[in-house]
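As structure tokens, the structure follows; a few thoughts come after it.
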Number of protein chains: 2
Amino acid sequence: MVQIPNTPASALPAQRSVPTSADVARLAGVSRATVSYVLNNTSAVRISEPTRRRVHAAAKELGYVPHAAARSLRAGHSRMVLMPSPTIPVGPLYSQFINELQWALSRLDYTVVQHGTLGLHGDEAARAWAELRPVAVLVPGSSPGPQGVAVLKRSGARAVVTLGPEAVEGAHALLMDHATVGQVAAAHLYAGGRRRIGVVVPEEPGLEIYSRPRLDGARRALHGTDAVLTELPLAHEEEAAARLAARWHTLGLDAVFAYNDEYAMLLMRALQDEGVRIPEDTAVIGADDLMLGRLLRPRLSTVHIELPSGRELAELVDRAVRNPGAEPERHEVLGAAVVHRDSS
Amino acid sequence: MVQIPNTPASALPAQRSVPTSADVARLAGVSRATVSYVLNNTSAVRISEPTRRRVHAAAKELGYVPHAAARSLRAGHSRMVLMPSPTIPVGPLYSQFINELQWALSRLDYTVVQHGTLGLHGDEAARAWAELRPVAVLVPGSSPGPQGVAVLKRSGARAVVTLGPEAVEGAHALLMDHATVGQVAAAHLYAGGRRRIGVVVPEEPGLEIYSRPRLDGARRALHGTDAVLTELPLAHEEEAAARLAARWHTLGLDAVFAYNDEYAMLLMRALQDEGVRIPEDTAVIGADDLMLGRLLRPRLSTVHIELPSGRELAELVDRAVRNPGAEPERHEVLGAAVVHRDSS
DNA sequence: TTGAAAGCGGTACCAG
DNA sequence: CTGGTACCGCTTTCAA
């Protein structure tokens, strides 16, 4: 359609090379600048309608796709929000939160990217993220050190937000104190007259981030009372649960907080198979308020967890990016409330 | 420590600007080329030990982090493997698969990035991915059209791999035919003497990718026999299950394949509450072989699903990247086997 | 309205 | 052994 002057013969067979804006310009018979103006709808400059058409046609014909790296290199910044992808299998709560967040951020014209950071630890990981020059970094779970945060900010990240138990110097923090979960669970059991309370602690690695605070919270709730807390390590396997249930009478517990609903289900089944009556002999409470708890018999009491909405976090990010000088925000965002059903 | 000549006063207060290799070079008193050689351990060139020290020291002092975009712009390629992040909440099977895959790919020195593609459809999404110029793209679930694949390849992607029900022109395919799941489930129920077989189809949007083939597979297994298949739409809520169970006797079914173990648990509970005996009145089988199935009473029969190992997929990707000219590979990778327990 | 050209941060060739 | 320099693809003044 468009004549290309002075084109070597080698240009005819579909080259393996990626089309650039220069190719589009050549094909449309204009300069690269014009191509840029047209494709970005630059308002500061007016391009004639025929030219626009030619450029668009040429771009489509070549299948031109702009090169994000080149663009952001030139611009000096990107709109990429980076978060490390979770290394431990993650429940529906968190999945949904991430999804909401991605949605909200794309509404604000950010690109969300999860970076697979496996085997890199602490500041190593922070450096790997910094190489991508994201405009913001969201770190769930175990946070980077202040060093890591510094590296990120020095590399141009205008906001670093941690989602975890503790705040980090220089970073915004959405504090999710899982101790609260253990605390309300234990308090609930205590209020029900239970005094010998077990707390299940998963043996699976990676879960300490949650299990440790939940245990500590339970301990705190019972501190200074006449109740006794017993730590119960448990792997997420039937046999492990059966073994634990087999020595249940020697433990003499009248209640158990089972880390979450899945471990609760596992343990409850083993206890029932062992003839332990729930809640008469032993009260059971889980956490996370998963669907499955409602389907158990007796229905499982649980701790419902309220996470911040993705929209809220997205807005925090946007605010921080627009105003990088501001003081880091700290928000306590984890709501925990007992849902009393039949197992306690 | 190192004297910086001809530096304007404005350089002293910690600038908001990101340190570049030029800054490192200046501070170390060498050229940018030397900095590049040292930091990349370029073997083609030998740099004296004192110089290396100075460069490393300067880099550390400035907190220098290389700019990935600039690097890959110059190099003309990256080692980024891109996959769209899942838009529907995803089970433990898939999570674990992704994790394995990330691990295996990082062993091969690729960087895995999940791109949050929400609201972008089909070829729009493909264009967005192409802007990042990934060396490979892995697309689970609903595949891009041949158009999308073409865009990606033209933008320099040396491998496009789909993980889903069907192969796409030009892309490698790991074919995961979930029809097999429904097929073996239905065949199992039929072999157990059941002739009026229900198939649960989740009403949640996004699950059709899996539920449709599973249903079709069941239908196929029963085709030409004396068995009758009934489609049972069901939302993942207690009330919906209760409503379905309430009209169970009017349906006159003697067996049900419940899409997966979670829906099976939901339905089984509702049926039991309704007084339906399992498996005597109605046999139930789920799928995915989740832990929870083993904890139900009766123990839930299920279809165990065998996914490819992350390592295998990583190797496929690596092979394809090294040899982009090769014919696209097609592999049937979904293994399905009935685990017969007590509910059927 | 359009074009020429500088430059973002690195890398790698070629001189010295 | 080290420095100068061209260039990757794109945006954006500044001139014409």
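Naming: A, B, ... by sequence-line order, numbering from 1 per chain.
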From CG of Leu132(A) across to C1' of dG10(C) the rounded distance in Å is 15 Å

Just how far, in rounded Å, is P of dT2(D) from CG of Leu39(B)?
-> 14 Å

Atom CG of Leu73(A) and atom C1' of dT11(C) are separated, to the nearest Å, by 13 Å

Please check the phosphate of dT2(D) (OP1 and OP2 only) for any side-chain N or O of Thr34(B) closer than 4.0 Å.
-> no

Ala70(A), nearest nucleotide to its side chain (from dC10(D), dT2(D), dG3(D)) = dC10(D)

Would you call Asp318(A) and Arg322(A) a salt bridge, taking side-chain N to carboxylate O under 4.0 Å as the test?
-> yes

If you count the non-hydrogen atoms of other residues, nucleotides and ligands that lie under 6.0 Å from CZ in Arg107(B), is the total more than 12?
-> no

Using a cut-off of less than 4.0 Å, is there contact between a side-chain N or O of Tyr37(A) and OP1 or OP2 of dT13(D)?
-> no

Looking across every strand, which nucleic acid part, if any, lies under 4.0 Å from Arg133(A) by heavy atom: base, sugar-phosphate, or nothing?
-> sugar-phosphate

Can you check whether any acceptor in the base of dC1(D) is under 3.5 Å from a donor in the side chain of Arg46(B), or vice versa?
-> no

Measure from NE2 on His77(B) to C1' on dA12(C) and round the result to the nearest Å.
-> 13 Å

Would you mind classifying the nucleic acid contact of Val65(B) as base, sugar-phosphate or nothing, using non-hydrogen atoms under 4.0 angstrom?
-> sugar-phosphate

Whole-Å gap separating P (dG9(C)) and CG (Asn40(B)) | 17 Å

Compare side-chain N and O positions of Arg71(A) against OP1 and OP2 of dG9(D) and report whether any pair is under 4.0 Å apart.
-> no

Under a 4.0 Å N-O cut-off, is there an ion pair linking Glu49(B) with Arg53(B)?
-> yes

Exceeds 12 heavy-atom contacts within 6.0 angstrom, atom CZ of Arg158(B) = yes

Going through the distances and angles, do Ser85(B) and Gln102(A) end up as a side-chain hydrogen bond (donor to acceptor under 3.5 Å, both in side chains)?
-> CA-CA 10 Å; Ser85(B) 48; Gln102(A) 290 197 354; 3.3 Å; yes

Can you tell me if the side-chain N/O atoms of Ser31(B) get under 4.0 Å from OP1 or OP2 in dG3(D)?
-> yes

Which of the following nucleotides, dG3(D), dA6(C), dG9(C), is nearest to the side chain of Arg74(A)?
-> dA6(C)

Take the protein atom CZ of Arg26(B) and the nucleotide atom C1' of dG9(C), then report the distance between them rounded to whole Å.
-> 12 Å

Write down the distance between CZ (Arg154(A)) and P (dG9(C)), rounded to a whole number of angstrom.
-> 16 Å

Decide yes or no, distance alone: a donor-acceptor N/O pair under 3.5 angstrom between the base of dG10(C) and the side-chain of Arg32(B).
-> yes

Assign Val45(A) to base, sugar-phosphate, or nothing according to its heavy-atom contacts below 4.0 angstrom with the strands shown.
-> base

So what does Ser72(A) touch, heavy atoms closer than 4.0 Å: a base, only the sugar-phosphate, or nothing?
-> nothing

So does Glu329(A) have more than 12 non-hydrogen atoms from other groups sitting under 6.0 Å from CD?
-> yes

What does Thr42(A) touch in the nucleic acid at a heavy-atom separation under 4.0 angstrom: a base, only the sugar-phosphate, or nothing?
-> nothing

What integer distance in Å separates Glu131(A):CD from dC8(C):C1'?
-> 17 Å

Which part of the nucleic acid does Ala33(A) contact within heavy-atom distance under 4.0 Å: base, sugar-phosphate only, or nothing?
-> base

At under 4.0 Å, does any side-chain N or O of Ser21(B) touch on OP1 or OP2 of dG9(C)?
-> no

Would you indicate, yes or no, if dG10(C) has its OP1 or OP2 atom less than 4.0 angstrom from a side-chain nitrogen or oxygen of Ser36(B)?
-> no

